[in-house]
Undergrad: 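Quick one: structure below, then a few questions.
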Amino acid sequence: MSSNSFPYNEQSGGGEATELGQEATSTISPSGAFGLFSSDLKKNEDLKQMLESNKDSAKLDAMKRIVGMIAKGKNASELFPAVVKNVASKNIELVAGSVVMAFEEVCPDRIDLIHKNYRKLCNLLVDVEEWGQVVIIHMLTRYARTQFVSPWKEGDELEDNGKNFYESDDDQKEKTDKKKKPYTMDPDHRLLIRNTKPLLQSRNAAVVMAVAQLYWHISPKSEAGIISKSLVRLLRSNREVQYIVLQNIATMSIQRKGMFEPYLKSFYVRSTDPTMIKTLKLEILTNLANEANISTLLREFQTYVKSQDKQFAAATIQTIGRCATNILEVTDTCLNGLVCLLSNRDEIVVAESVVVIKKLLQMQPAQHGEIIKHMAKLLDSITVPVARASILWLIGENCERVPKIAPDVLRKMAKSFTSEDDLVKLQILNLGAKLYLTNSKQTKLLTQYILNLGKYDQNYDIRDRTRFIRQLIVPNVKSGALSKYAKKIFLAQKPAPLLESPFKDRDHFQLGTLSHTLNIKATGYLELSNWPEVAPDPSVRNVEVIELAKEWTPAGKAKQENSAKKFYSESEEEEDSSDSSSDSESESGSESGEQGESGEEGDSNEDSSEDSSSEQDSESGRESGLENKRTAKRNSKAKGKSDSEDGEKENEKSKTSDSSNDESSSIEDSSSDSESESEPESESESRRVTKEKEKKTKQDRTPLTKDVSLLDLDDFNPVSTPVALPTPALSPSLMADLEGLHLSTSSSVISVSTPAFVPTKTHVLLHRMSGKGLAAHYFFPRQPCIFGDKMVSIQITLNNTTDRKIENIHIGEKKLPIGMKMHVFNPIDSLEPEGSITVSMGIDFCDSTQTASFQLCTKDDCFNVNIQPPVGELLLPVAMSEKDFKKEQGVLTGMNETSAVIIAAPQNFTPSVIFQKVVNVANVGAVPSGQDNIHRFAAKTVHSGSLMLVTVELKEGSTAQLIINTEKTVIGSVLLRELKPVLSQG
């Protein structure tokens, strides 16, 4: 045997490979010595013959060596056609991953080589080994972006509906018809999305992440939400996996908040999380913040600020600043909370608060002169350079608003100029220049002294800035034309800083890649192409040789007509997408979960549902074998029914009576294997009905349980009578973590009282002109709603202003925000001419002033109407003592407190006037007060039962302070804005 055959036969997988190696080397050279220097071309011929072998061992050996060649940097491109041929092999799932990996390394741009194998790869995905699945999914993602049109164009027809002035009706009609052309997804596009869905239940985090990025980049936006549950499940993995998953969720949550809002508590920070995980969770919580959940999040952040991890505490303060800029309703609340942090003992917390306050004050500096004065006093104690520089910048920008303080600050800074940090020195120079231009009489000598110190500073940036400022503000012969505009240059209006997420621009990288993680283009990164305007010819994916399907049956196994059970049946996919069925799966999985991992049992309903379904699938795979799974797939496709049709059929079947359900379940229990094979649809339907019955029975006998979160802050139930609360069984370590966390809950001595005042003001719901003679008005009776404890009672008066009868008045389609509920009035058969009727409704506004939109319909027409509640009508008055009021107020401080100063004539500050004005705006109850200058009012929110405490404290002269304490900071801020002008006016 010649010597150059040794490298190929040293680790040969079979005898044929050895023979091939000997046969190939015999053609190279008659001498072994010359074989050592033979060309790579002849060696590659040897590998080609091994790839064309009938033995899988020889093919696998060749594939390993080709991957080794690529790893060493050798050119293996000529071997690629031989590698691609293996896609048609009988056991392709053994080598598919290696084939695609080689394709990605050698010629990733040769999309034409994928066409004929696209459908085969899609169908093979479930059977390929896990790391092969990752490679194939990434390759198919890039392929889909080049071969299919965008599924995101569904909403385009809603935009640009205007007609050009010079456009004819025919052109407009043609344009409209073109826009309204419905989007139809390519069947091959749907095949890829459908076949990757089962892999979301994989226990390999990389596979789940690969499927998630595929859904994000190529699926319709309405279907992408399915990945959120699987990604949240991965947060139970180790910290390295958590880091990658959270980075991708942070990018997704910027564009589509709704995907992860139901899992908000999954991103709460735990004390055991490393800092890198904490900061990423903070980022996601900030992206998910909105008016509805900001109150809960601010209470979370208030706890995080007290963390011993100072880097995390500083990041939390930055997060509060971002929330303040994104949600204007809580800007004042966040600012007040940050000002309270200025008295914190930790210097890092104080410094970070100063920096964030500076950014917030740039948005509305004229309203916060007192805060600027308070921050000026901190210069004597704070030493962090960034914080000192921020304070000096603020004073310089607002030097005309604090004319007495700014010169004194400059005097102090002149004393310590030489010992300050370079960043602080630059701001001292800027402050001196601004005061020289606005208050030259007091600060001229000080500024010259500082400029002389800067002239000889060791840092060249300081020296350059000094020379520039001197020439600009001190006029002399050499001064240029810019000296005239010095004031405009230094005191120009600066734009407010834009606080954005660091993940905002990462969406142009493919999710799950190294480039996305690093936010730079890494070596070897393959960019996703833009969607084509017109889809390329889909016929290129058609395979002419149909007989290849016969090769799917392994030797020695007979082919069955129908499988006993589908590997991933469509009914299971539909069940997995519904919450109710996932709960039932989790229950059945807990009863027969011997195959599951003990560490993951009972973690949550989400996890158990996914594990149980994967266990059932794996059992069916073991019973029927690989061939049965493939046969079942072909049989299910041969039925010629789409997913939507199957879904409709399932829905129709689910509407049968209990007796038929019992019958179907008994049939399932007593049926044989042949019956289950001939009737797969009835089996899946009866199995689903049985699961639903089991779930209903368990719900009847098992009390509802709730996931224990580290900071479960949404449990605020309205309590009108004393309730014995169960003692939580918490470990000592968890109790230590929760020490110091005080949350306001309704006290047993606090009960709902009768309203002190019911305004008679009505609001127009439907004008008679818009309603074709039907007019509707509504008002708030300020009484507990009879339809639900969390609903606001509303009375609607309907008037018929026509001379004919109006029939069948009822509520039609409802377009309510997430979480909002409505109890409608019973339909009115008829309303006589000039007749009038009053009906009652209940709406759960979820403690927000969002609009409830719905249709008010008659027999002939439907009219779109809206009800937006005033913030004062979202409250119920409560009766409490002054002692209880003070106790609750002492708990609701910091970010839970907002205040404003009111200026009005003394006659407007009498007790009767204040009482009438407050109760006219808000449904609150008066609290007895032992002080004549303090008036207190209390209420609770209708939905959550959170306390709302209002205090009007009269000061000397004609001023008063209005203070509102509540956990619902958004409602508190809105109520403050509504009460302030009412109390100020005469």
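Basis for what follows: all heavy atoms, side chains included, without hydrogens, waters or symmetry-related copies.
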Undergrad: For a quick test of your reading: what N or O donor-acceptor pairs under 3.5 Å do the side chains of residues 809-834 make, sequence neighbours left out?
TA:
unit_1: His810; atom_1: ND1; unit_2: Asn808; atom_2: O; d: 3.0
unit_1: His810; atom_1: ND1; unit_2: Asn808; atom_2: OD1; d: 3.4

Undergrad: If the condition is side-chain contact (heavy atoms from CB on, under 4.5 Å), which residues does Ala938 pass it with, not counting sequence neighbours?
TA: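 So Ala938 forms a side-chain contact (heavy atoms from CB on, under 4.5 Å) with Val878, Met880, Phe885, Val927, Leu949.
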Undergrad: Taking all non-hydrogen atoms of both residues, which atom of Phe780 and which atom of Val758 are closest, and how far apart?
TA: O-CG1, 4.2 Å
Undergrad: Compare every heavy atom of Phe787 with every heavy atom of Gly842, then report the nearest pair and how far apart it is.
TA: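 It is N-CD1, 3.7 Å.
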Undergrad: Where is the tightest heavy-atom contact between Pro781 and Ser793, given as atom of each residue plus distance?
TA: CD-O, 3.2 Å
Undergrad: List the atom pairs, donor and acceptor, that lie under 3.5 Å between side-chain atoms in residues 972-979 and the rest of the protein, sequence neighbours left out.
TA:
unit_1: Ser973; atom_1: OG; unit_2: Glu329; atom_2: O; d: 2.9
unit_1: Ser973; atom_1: OG; unit_2: Thr333; atom_2: OG1; d: 3.0
unit_1: Ser973; atom_1: OG; unit_2: Thr969; atom_2: O; d: 2.9

Undergrad: Under the 3.5 angstrom rule, does the side chain of Gln868 hit a backbone N or O of Thr849 as a donor-acceptor pair?
TA: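 A pair under 3.5 Å: yes.
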Undergrad: Has the side chain of Ser899 got a donor or acceptor atom that lies under 3.5 Å from a matching backbone atom of Leu962?
TA: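 Absent.
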Undergrad: Calculate, to the nearest 0.5 Å, the distance between atoms OH and OG1 belonging to Tyr778 and Thr838 respectively.
TA: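 Interatomic distance, Tyr778 OH to Thr838 OG1, rounded to 0.5 Å: 15.5 Å.
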Undergrad: Atom CG of Leu264 and atom CD of Glu300: how far apart are they, to the nearest 0.5 Å?
TA: 8.5 Å
Undergrad: Going from NE2 on His777 to NE2 on His767, what distance comes out if it is rounded to the nearest 0.5 angstrom?
TA: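 His777 NE2 to His767 NE2: 7.5 Å, rounded to 0.5 Å.
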Undergrad: Are Leu798 and Ser836 side-chain neighbours, meaning at least one heavy-atom pair lies under 4.5 Å?
TA: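 No. Closest side-chain heavy atoms not under 4.5 Å.
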Undergrad: Going by distance alone, is a donor N or O of one side chain under 3.5 Å from an acceptor N or O of the other, for Thr801 and Asn799?
TA: no
Undergrad: Determine whether Ile227 and Met252 make a side-chain contact, defined as any pair of heavy atoms from C-beta on separated by less than 4.5 Å.
TA: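 Yes; the side chains approach each other to less than 4.5 Å.
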Undergrad: Do Asn896 and Glu967 get their side chains close enough for a donor-acceptor pair, meaning under 3.5 Å?
TA: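 The criterion, which ignores hydrogens and geometry beyond distance, is not satisfied for Glu967 and Asn896.
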Undergrad: Report yes or no: do Asn866 and Ser853 form a side-chain donor-acceptor pair below 3.5 Å?
TA: yes
Undergrad: Say whether, by atom type as modelled, one donor and one acceptor occur between the side chain of Ser253 and the main chain of Lys257 under 3.5 angstrom.
TA: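 No: the side chain of Ser253 does not pair with the backbone of Lys257.
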Undergrad: Can you establish whether the number of heavy atoms outside Arg768 located under 6.0 Å from its atom CZ is more than 12?
TA: no
Undergrad: Using 0.5 Å steps for rounding, measure from the CD1 atom of Ile971 to the OG atom of Ser848.
TA: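 These two atoms lie 7.5 Å from each other.
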Undergrad: Has Thr802 got a side-chain atom pairing as donor or acceptor with Arg804's backbone, closer than 3.5 angstrom?
TA: yes
Undergrad: When Glu897 is tested against each of Thr951, Asn336, Thr966, Ile963 for side-chain contact (heavy atoms from CB on, under 4.5 Å), which residue passes?
TA: Ile963
Undergrad: Is the closest side-chain heavy-atom distance between Phe845 and Gln850 below 4.5 Å?
TA: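 Answer no - side chains too far apart.
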